[in-house]
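Everything on this sheet refers to the single structure shown next.
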Amino acid sequence: IVHKLVTPSSWALLYESVTEELCLRARCAAHALCASHAKAMDQLDDLATGDTAKLQGADQISLDHERMCLPIWRKSFVMSGLSCLGNASDAVELRLNNARHEFLKHAMLEWCELEDLTEFLDAQLGPLEMAIDNFRGSQEVTRAAHTPHVRDIGRLMFRNHCLLDSRVFRPLCLAAYALVHEIKRAAEKGTAQTAPLAMVSAKEGEDGLDGLIEILEQFHGMLESCDVADDHLSSSKNTKESFVENLVSPISAAVERFGDKDIRGHPSRDLPSEGRGRRKTFQCM
């Protein structure tokens, strides 16, 4: 059936059909995130319009401001104290942190499910992949539009219609930024972890700082996978620049500062797996 659909005059229709299906799946993932984490997303919005933001005369927290306040940039100690994130009491902060962690994990779970689907489609749509290769070869001569393969279509649709959904994007950025601040505070406390972090570890089966860094690395893996080129053949919007600016670049810098050295080419990467600690790499099964 695929061979019959992939002809010089009709392969683009199959391409658009696959794109629309993956777009629908991504929108369903965004709806699932909003339905399952409405309270956490509302709490992030409430935090965004809290006392600090009101004193600054802002109705909403500025993503640009919070990105600049992340403790990952050079001379960040000047700005980190101006962040609106992480200023709540211990009990409230613990509740917010748990909700943020679950929100980020659910986003990664939705991404894994779409990755599994695109892996299956990639194996079934070989003729379409060849048609895309032929089209890209003809376009490369003139340096014209970019057309992604099936796996990258799924990642692009997940980025455009889930991660950058108007209901998801701001809470997702704020949850990721708050995680970076949380890791910075936990790292400063060293081995003397506070009771809230111990409770988080007991609840999630993780080891305090190591558990937080693992969430950050997993989230970073999802972002890097979704950092694909925009598709100029379909009607999808160009979103790569905004995605990189607000999520990929700051989270990559956070991983570079706080993450496991094994993922940055540290010599310990060559050691046996049992010698590199218990931290595991995020993979979609």
Which atom names give the shortest non-hydrogen contact between Ala26 and Cys162, and what distance separates them? O-CB, 3.5 Å
About how many Å separate CD of Glu224 and NE2 of His220, when rounded to the nearest 0.5 Å? 3.5 Å
Are Pro148 and Val228 close enough that some pair of their side-chain heavy atoms sits under 4.5 Å apart? no
Could you check Thr118 against Ile153 for side chain to side chain contact (heavy atoms under 4.5 Å, CB included), going step by step and ending with a plain yes or no? CA-CA 8 Å; Thr118 55; Ile153 294 173; over 6 Å; no
Flag, side chain of Asn246 to backbone of Leu63, donor-acceptor distance under 3.5 Å: no
Taking Arg100 for the side chain and Ala175 for the main chain, is one N or O donor matched with an acceptor at less than 3.5 Å? no
Salt bridge check, Asp165 against Arg27: does any charged N sit closer than 4.0 Å to a carboxylate O? no
Which pair of heavy atoms, one from Leu33 and one from Ala107, lies closest together, and at what distance? CD2-N, 3.6 Å
Value for CZ (Arg170) from CG (Leu172), rounded to nearest 0.5 Å, stands at 12.0 Å
Quick one: do His106 and His37 satisfy side chain to side chain contact (heavy atoms under 4.5 Å, CB included)? Show the steps, please. CA-CA 9 Å; His106 190 173; His37 302 279; 2.9 Å; yes
Residues Ala254 and Ile72: closest non-hydrogen pair is CA-CG2, 3.6 Å
Before giving the answer on side chain to side chain contact (heavy atoms under 4.5 Å, CB included), spell out for Phe243 and Leu223 the whole-Å C-alpha distance, their side-chain angles and the decisive distance to 0.1 Å. CA-CA 9 Å; Phe243 180 69; Leu223 296 180; 3.7 Å; yes
Any carboxylate oxygen within less than 4.0 angstrom of a Lys/Arg side-chain nitrogen, looking at Glu245 and Arg67? yes
In this structure, SG of Cys69 is separated from CD of Glu66 (nearest 0.5 Å) by 5.5 Å
With a 4.0 Å cut-off, would you call Arg151 and Glu115 a salt bridge? yes
Evaluate the side-chain proximity of Leu174 to Phe103: yes if any heavy-atom separation is below 4.5 Å, no if none is. no
Roughly how far, to the nearest 0.5 Å, is the CG atom of Leu121 from the CG atom of Leu22? 6.0 Å
List the steps, then state whether side chain to side chain contact (heavy atoms under 4.5 Å, CB included) holds for His31 with Arg167. CA-CA 9 Å; His31 179 74; Arg167 301 164 296 173; 4.1 Å; yes
Find out if a path of hydrophobic residues (ILVMFWY) with successive side-chain heavy-atom gaps under 4.5 Å connects Leu156 to Phe120. yes
All heavy atoms of Met222 vs all of Phe158, minimum pair found to be SD-CE2, 4.1 Å
Taking all heavy atoms of Ile251 and all of Ala176, pick out the closest pair and write down the distance. CD1-CB, 3.8 Å
Can you measure from CG (Asp210) to CD1 (Ile215) and round to the nearest 0.5 angstrom? 11.5 Å
Side-chain touch His181/Lys184, heavy atoms, less than 4.5 angstrom: no
Spatial distance of atom OG (Ser225) from atom CG (Leu114) [nearest 0.5 Å]: 11.5 Å
Side chains of Leu212 and Phe258: closer than 4.5 Å at any heavy-atom pair? no
Minimum side-chain heavy-atom gap Tyr15-Val150 below 4.5 Å: no
Locate the shortest heavy-atom distance separating Arg159 from Asp230; write the atom from each residue and the value. NH2-OD1, 2.7 Å
